[in-house]
> 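Have a look at this one before I ask anything.
None of these values were measured; they are calculated from a predicted model. Below, read A as the first sequence line, B as the second, and so on, with proteins coming before strands; counting in each chain starts at 1.
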Amino acid sequence: MRRHLSRRVPGRVVAAVWTSGLALRKPLARGFRTSFAGGRFTAVRRIGKFLYLDWESADGRSDRSLLAHLGMTGHFLHATAKPAARPAHAHVQWTFEDGSALLFCDARRFGLLEWIARDTRPPNVGADPTENRITGPWLSAELAKSRAPIKSFLLDQRRIAGIGNIYASEALFRAGISPRRRARSLTKDEAERLAGSIHAALGEAVRYRGTTFSDFRDPDGEPGEYGTSLLVYGRRGEPCKRCRSKIRRIVQSGRSTFYCVTCQRKPAPGAARKSLARKV
DNA sequence: ATCCTATCCTGTAGGC
DNA sequence: TGCCTACAGGATAGGA
């Protein structure tokens with residue numbers, strides 16, 4: 001999303017802004033619409049799952065950014081010609097002087113748009129694997145601090161920022177690690193493998209412009225193409241692409257996890273002993 | 001302190 | 001066809 005926006009949006013002067021009036025995760029700030037008059041976005045950055053649209057106002061000030069988070073169903077669209085009808089669930093439309101328009105659409109309205117000081121780090125955001133490559137030793141030290149299942153650890157944005165529910169399952173499959181393992185139980189070797197798998201899963205998905213299983217669209221309105229490359233996510237009951245075992249779905253912290261019990265074999269230490277003790 | 005559950009909201013798929 | 005339930009890319013307040 002960042003790559004697309006940075007090709008389309010910077011430099012175009014905002015002529016008008018429309019809003020739906022509905023609140024996203026938070027209501028839009030007072031004066032949101034008028035705050036854009038005559039200025040322009042200058043760059044698009046990303047930290048974790050947050051996008052920064054750096055802003056230069058009409059009087060040349062550039063100390064603010066529009067912070068955006070897509071939530072579950074949020075997406076930006078950039079239309080080169082003014083569309084006849086606004087798409088469903090559009091909540092903000094920036095119309096530029098050249099007649100093109102940027103839209104923020106979000107069916108479930110878990111997304112976020114708010115002004116922030118340009119250098120502010122978003123809340124609850126830890127290490128971003130694309131800012132600083134995750135190393136085995138660093139990950140190993142972080143894992144040692146958590147008793148949570150490794151799958152839940154990967155979703156915790158305060159630890160590693162940017163991994164969502166799809167790529168948490170994908171990274172664990174690539175590393176051959178069971179999602180049920182406690183984070184702190186991973187060996188140094190496993191931490192090393194997982195670090196590499198995180199980079200591989202995220203990197204490949206970005207090259208394919210993300211995963212669309214329902215309504216995600218890139219700013220040209222095109223679905224992401226990574227869906228057919230998914231190794232486990234959404235493949236419950238289907239054969240593992242590596243060993244042909246059936247992919248299983250479990251629920252962890254209220255979220256679906258998909259994995260292969262054969263390729264991601266090793267159980268949580270203590271789990272077997274415990275359940276055995278209970279039976280006895 | 002850490003981890004998990006419920007919640008916000010709308011759409012869709014599947015069972016009956 | 002319609003009604004009902006379960007689930008969906010996320011974050012987070014508050015309870016255990």
> Remember a base hit wins even if backbone is also touched, and classify A/Asn124 as base, sugar-phosphate or nothing at under 4.0 Å, heavy atoms.
sugar-phosphate
> Just checking A/Phe104 against A/Trp94, ring centres under 6.0 Å apart?
no
> Between B/dT5 and C/dC7, how far apart are the P atoms? Round to whole Å, please.
14 Å
> Which nucleotide, in any strand shown, forms a Watson-Crick or G-U wobble pair with B/dC8, with both distances under 3.5 Å?
C/dG10
> Check every strand shown and say whether A/Arg184 touches a base, only sugar-phosphate, or nothing at a heavy-atom separation below 4.0 Å.
nothing
> Between A/Thr228 and A/Tyr208, does any side-chain donor sit less than 3.5 Å from a side-chain acceptor?
no
> Classify A/Thr211 by what it touches in the nucleic acid, base, sugar-phosphate, or nothing, heavy-atom distance under 4.0 Å.
base
> Has A/Phe110 got its ring stacked on the base of B/dC9, with centres under 5.5 Å and planes less than 30° apart?
no
> Just how far, in rounded Å, is P of C/dG10 from CD1 of A/Ile47?
18 Å
> Which part of the nucleic acid does A/Pro149 contact within heavy-atom distance under 4.0 Å: base, sugar-phosphate only, or nothing?
sugar-phosphate
> So which nucleotide from B/dC3, C/dG9, B/dC4 ends up closest to the side chain of A/Ser152?
B/dC4
> Whole angstroms only, please: what is the CG-P distance between A/Asp156 and B/dC3?
8 Å
> Rounded to whole Å, please give me the gap between CG in A/Leu155 and C1' in B/dT2.
16 Å
> In whole Å, what separates the P atom of B/dC9 from that of C/dC3?
23 Å
> Under 4.0 Å between a side-chain N or O of A/Ser146 and OP1 or OP2 of B/dC3?
yes
> Have A/Thr187 and A/Asp189 got a donor and an acceptor in their side chains that come within less than 3.5 Å?
no
> Taking the cut-offs as 6.0 angstrom to the six-membered ring centre and 45 degrees off its axis, would you call A/Arg242 and A/Phe173 a cation-pi pair?
yes
> Between A/Asn165 and C/dG10, is there a contact of a side-chain N or O with OP1 or OP2 at under 4.0 Å?
no
> Within the structure, does a side-chain N or O atom of A/Ser253 lie under 4.0 Å from either OP1 or OP2 of B/dC4?
yes
> Could you state the CG-P distance from A/Leu113 to C/dA11, rounded to the nearest angstrom?
15 Å
> So, under a plain 3.5 Å distance rule, would you say the side chain of A/Arg109 forms a donor-acceptor pair with the base of B/dC9?
no
> What contact category does A/Arg249 fall into here, base, sugar-phosphate, or nothing, at under 4.0 angstrom with non-hydrogen atoms?
sugar-phosphate
> Measuring to OP1 and OP2 of C/dG10, would you say a side-chain N or O of A/His69 lies under 4.0 angstrom away?
no
> Starting the side chain at C-beta, find the nucleotide from C/dG10, B/dC3, B/dC4 nearest to A/Lys49.
C/dG10
> If I take atom NE2 in residue A/His89 and atom C1' in nucleotide B/dC9, what distance separates them, rounded to the nearest angstrom?
10 Å
> With a 4.0 Å limit, can you tell me whether A/Arg159 has a side-chain N or O closer than that to the phosphate oxygens OP1/OP2 of B/dC3?
yes
> For B/dC3 and C/dG9, measure between their C1' atoms and round to the nearest Å.
22 Å
> For the side chain of A/Arg182 and the backbone of A/Arg147, is there at least one donor-acceptor N/O pair under 3.5 Å apart?
yes
> Can a side chain N or O of A/Arg255 be found less than 4.0 Å away from OP1 or OP2 on C/dG9?
yes
> Determine the Euclidean distance between corresponding P atoms of C/dA11 and B/dA1; express it in Å to zero decimal places.
23 Å
> Using a distance-only criterion (donor-acceptor N/O pair, under 3.5 Å, no hydrogens), is the base of C/dA8 paired with the side chain of A/Arg108?
yes
> Just how far, in rounded Å, is P of C/dG9 from OH of A/Tyr208?
22 Å
> Quick test of your reading of the model: are A/Glu222 and A/Arg209 salt-bridged, counting only N-O distances below 4.0 Å?
no
> Roughly, in whole Å, what's the span from CD1 in A/Ile166 to C1' in C/dA8?
10 Å
> Look at all strands and tell whether A/Gln252 reaches a base, only sugar-phosphate, or nothing, counting heavy atoms closer than 4.0 Å.
nothing
> NE2 of A/His75 versus P of B/dT10: gap in Å, rounded?
16 Å
> Once you apply the 3.5 Å cut-off to both distances, tell me the Watson-Crick or G-U wobble partner of B/dA1, or none.
none
> Could you tell me whether a side-chain N or O of A/Glu170 sits under 3.5 Å from a main-chain N or O of A/Tyr233, the two making a donor and an acceptor?
yes
